[in-house]
Each structure stands twice: as C-alpha cells, then as structure tokens.
Amino acid sequence: MNARSEFIDYGPEAIILAGLTGRNWRLADYVARGGYEALKKILTEKTPPQAIIAELKKSALRGRGGAGFPTGLKWSFVPQQYSGDKYLVCNSDEGEPGTFKDRDILRYNPHVLIEGMAIAAYAMGCRRGYNYIHGEIWDTYERCEEALEEAYQARYLCDNILGSGFSFHLYNQHGFGAYICGEETALLESLEGKKGLPRYKPPFPASYGLYGKPTTINNTETFAAVPWIINRGGEAFLNLGRPNNGGTKIFSVSGDVERPGNAKLLEMAGGMRAGRKLKACIPGGSSMPVLPGEAMMQTDMDYDSIAKAGSMLGSGGVIVMDETRCMVRSLLRVSYFYFEESCGQCTPCREGTGWLWRVLNRIEHGEGRNGDLELLTSVSDNIAGRTICALGDAAALPVKSFIKHFRDEFQYHIDHKRCLVPDYV
C-alpha cells in the first residue's frame, strides 16, 4: 500500500493511537473521533444498498485476511432479492503465525468493526451477524463483549436502528484456537456447533453458507475500513493506495527487527536488530513463499508487487530473518506447525505434511540424504492444489520457496551434517 506517515481519522490505523493509552476504545471515545457517523449517514439518507456496494468496488478495498479478493465484488454476490435469512460473518480467528493486527483492532478500536459490519449488513440485507474470535485471546473476546453492550445500549445494534426501519443484531463467538477454523467454511462449521472441517466448494457461502443460507465472510481489518470509505468516498480510499490496491494496510512486523509490532511502514519497525543484514523475509504470514532479503528490499508492499516478486501479501504478517538464522531450522519450525494443524480430512495434506516435517527434521539433525530436496519438492507438488482448502498449499509453498532461494544451505546440511550458519543460536 502507499507509504504515508499520518494516521487516517478513525480508520483501522487509529488502533495504534488508541492503544497508546489502552483507554480510548470506549464508545464515547469512538464517537468523539467521528464514530458511527457513516452508519447514521446511510440510514438517514436511505442510501440504496447497491450504491454502497458500488462505492466499495470503486475503493478497490481487497480482503485483508489473506486472499485479497475485491470486497465490493464479494458483497455483490449475495442475492439482493432473497427473502429469507442472510448472514454476515467476521473472521477474527487470525491464527496465521506472524500476524497479530486483527486482535489489536478488536482490543483498541472494536466499535469500528461493529460499525463496519452494520454498514455491510445494511448493504447486503443481513439481519444477523457473528464475529468469530480466535480461541486463544480471551481478554480480547471480553473487550468485544463490552463494546457490543455499549453499541446495543446506544441503539446502534437493535431492531429499528435509529428509527430507520433497519435491524441488525451482532454476536461474538469465541473459537477454540484451531488454525483450520480460519478457513471460512471450517469457520462456518464451527459456528454451527460442528467440528471445524472445510466444506467442498461449490456451493460457495454467498449462496449456501451459515445454516445453509446466503452468507458473506470478511476479515476484521476489511470491515474496519468500511466506515472511512462511506464517509470519504471510494475514490478517496483508492487514492491512498495504488490501482487495484486501494487504501492503507496494517502490517504485523516480527522477527529480527528492533521494534516488532503493527505498523503501516516497514521502517517503523526500527530496522534490523543489532545492525545485522537482512537475509530473508516472509511478507504475508508463515504460509506465504519466503523471499531473499535483496528481493524484499526492492519490492513495494502491495498485492500485485509482492506477487510479481514471487510471494503473496497474505495477511500482512511480515516475518523478518537476519543473517544469523538457519533456513533449515526456520523451515522445520514452519512445517511442524502445518503438520500439527492439518485437520486430517484430505489425504495429501494429512500424510504429506507429516512427510515434509520428518524429512526436514532428519536434515536438520544431520541425517539428511542425497535426494531429500527432490523428495521435499515432489511431496509439496503432490499436496498443493489437491486439498479441499488452502492449508495444503500453506504447507507446500514455504517448502518449495525455501529450497528455491536457499538450496545451497539445505545441501550443506545434507553434505556436512551440520549448519552452514556458524553462530546460530
């Protein structure tokens, strides 16, 4: 997204300002920053739902949870003339390693999410919504419950909101920490009280979602951008970014940097820790392909630029690795995560993730064999694109990219039975 130094009113970036004190998340503070003005605007002006969707399309807001699908286009898939129940779901599961932005929106600016979801519900004709919150952040769930209570008391959530005739009720649902429930159809299964297993698609949630009804699912940061777009217009949001990449983006920067945290610019992370050299970077959470440091430094941080460089922006979880990091051990840790988190529904993922971890484990511990790198590549190719959901790809893509860019380091482990990095700790 575009490199800018200022925070933008009460858009998603305001979470950082609010979080400095930890007290500015209350309804009164949000209203003082202009909160709920966008919702009031569309209700008092009786803005046609199609006009809101058109504004979202103009903004080029893309899903901030990983896939980057155009938000306005996604909203247009929901049948407007459908007379039965339609549901709205926020994916606040955020289980992607290296990503921690959504929980800060929920902690420090929960009302921007509530307002964004209410506007989305109006645009798509939904009367019920659910915010599915990651199972390992209980304090955040409690904060969201308090925010919902405030919104209900102020009648921003209720029947006949502000006397407009529009009704919307929103509920928080606490998950149980399974990575697979970040996949939207597994999330829906979990919401229905079932085991969180991905569904076959089609049908897609827009036609057959929660309880078999039309459903739209968006990420926390995506909904949080909606009030700003309604207040300022889609074109203004687009102009903050680049063509096909509208607006700003929060990046969760972690690893070997001086100041890990949520930021709009990589420079805000304070540069490399201890002045060391950048060796590698994963730009969008652990499931995305790794990039060498030189390539990363020449790449702009938008969906299209990252794709051109050979990776994906994903959830915006930027994992930075310096010259002291062993690439074999780093990949081993990533592969173990996906081996542990595979739901086991698909044979290529259930069996393949175990193969990847076991082969990498023996390479790391001095038992690597000639042909192991070709075996890892073959197993990855037999996982990717052969599973119901994208977890198989999430396990395969890092393996192929680590070997592609750091093959000499892997081969050194196999040939010399030890690490190439001399002072790794």
Side-chain angles (χ1 to χ4, degrees), residues 65-68 91 93-99 134 177-187 195-201 254-255 280-291 306-307 310-319 321 325-365 368 371-407 409-410 413:
N91 187 345
D93 187 70
E94 194 175 46
E96 181 75 10
T99 311
H134 188 66
Y179 177 80
I180 195 64
C181 287
E183 196 277 336
E184 61 179 21
T185 60
L187 186 157
K195 184 178 180 180
L197 295 177
R199 298 174 180 175
Y200 287 97
K201 298 183 285 289
S254 63
C281 184
I282 306 176
S286 65
S287 61
M288 300 295 110
V290 69
L291 291 176
I306 292 292
S311 187
M312 291 176 278
L313 193 64
S315 59
V318 181
I319 303 172
M321 292 174 277
R325 296 297 170 184
C326 168
M327 293 295 100
V328 177
R329 186 175 294 189
S330 298
L331 179 59
L332 175 62
R333 188 65 190 88
V334 171
S335 292
Y336 181 75
F337 175 82
Y338 291 108
F339 169 46
E340 282 287 297
E341 292 293 339
S342 173
C343 73
Q345 185 174 197
C346 305
T347 301
C349 183
R350 182 184 65 246
E351 302 299 325
T353 53
W355 270 100
L356 294 177
W357 175 71
R358 285 188 291 272
V359 173
L360 286 165
N361 190 55
R362 72 169 183 246
I363 293 175
E364 167 61 20
H365 291 93
D372 274 351
L373 301 185
E374 290 73 19
L375 176 59
L376 287 169
T377 301
S378 175
V379 172
S380 298
D381 287 339
N382 280 287
I383 299 174
R386 291 172 168 81
T387 55
I388 295 173
C389 81
L391 192 147
D393 294 65
L397 288 174
V399 173
K400 295 188 67 175
S401 62
F402 268 82
I403 293 175
K404 174 184 176 181
H405 295 299
F406 301 99
R407 189 180 185 91
E409 193 166 329
F410 283 81
H413 271 75

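Just so it is clear, the values below take in all heavy atoms, side chains as well, and ignore hydrogens, waters and symmetry mates.
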Value rounded to 0.5 Å, distance of [atom1] in [X] from [atom2] in [Y]:
X      : Y      : atom1 : atom2 : value
Ser311 : Ile282 : OG    : CD1   : 8.0 Å
Arg358 : Thr353 : CZ    : OG1   : 8.5 Å
Phe402 : Leu376 : CZ    : CG    : 12.5 Å
Arg199 : Glu184 : CZ    : CD    : 10.0 Å
Ser378 : Asp372 : OG    : CG    : 12.0 Å
Glu340 : Ser335 : CD    : OG    : 12.0 Å

Do [X] and [Y] have side-chain heavy atoms sitting under 4.5 Å apart?
X      : Y      : result
Pro348 : Asn382 : no
Ile383 : Val399 : no
Ser286 : Pro398 : no
Phe406 : Val290 : yes
Met312 : Leu397 : yes
Cys326 : Glu364 : yes
Thr387 : Asp393 : yes

Least distance between heavy atoms, [X] atom then [Y] atom:
X      : Y      : result
Met321 : Cys281 : CE-N, 4.5 Å
Tyr179 : Asp93  : O-OD2, 4.2 Å
Ser254 : Gly98  : OG-CA, 4.2 Å
Gly182 : Asn91  : O-ND2, 2.8 Å
Leu187 : Cys181 : CB-O, 3.2 Å
Pro283 : Leu291 : CG-CD1, 4.4 Å

Please check if the side chain of [X] supplies one atom and the backbone of [Y] the other of a donor-acceptor pair under 3.5 Å.
X      : Y      : value
Arg386 : Asp381 : yes
Gln345 : Leu197 : no
Ser342 : Tyr338 : no

Next on the checklist: Is there a side-chain contact (heavy atoms from CB on, under 4.5 Å) between Thr185 and Cys389? Walk through the geometry before answering.
Outcome noted: CA-CA 9 Å; Thr185 60; Cys389 81; 6.0 Å; no
Checklist entry - Under 6.0 Å from the NZ atom of Lys404, do we count more than 12 heavy atoms belonging to anything else shown? => result no
Checklist entry - Passes side-chain contact (heavy atoms from CB on, under 4.5 Å), Asn361 versus Leu332? Steps please. => result CA-CA 6 Å; Asn361 190 55; Leu332 175 62; 3.9 Å; yes
Checklist entry - Which is it for Leu331 and Phe410 under the side-chain contact (heavy atoms from CB on, under 4.5 Å) test, yes or no, and what are the steps along the way? => result CA-CA 10 Å; Leu331 179 59; Phe410 283 81; 3.6 Å; yes
Item to check | Ion pair check, Glu183 and Lys201, cut-off under 4.0 Å | outcome: yes
Item to check | Check ion pair Arg407-Glu374 (N to O, under 4.0 angstrom) | outcome: yes
Checklist entry - Is the Trp357 ring parallel, tilted or perpendicular to the Phe339 ring (thresholds 30°, 60°)? => result parallel
Item to check | Any donor-acceptor N or O pair under 3.5 Å, side chains Ser315, Glu94 | outcome: no
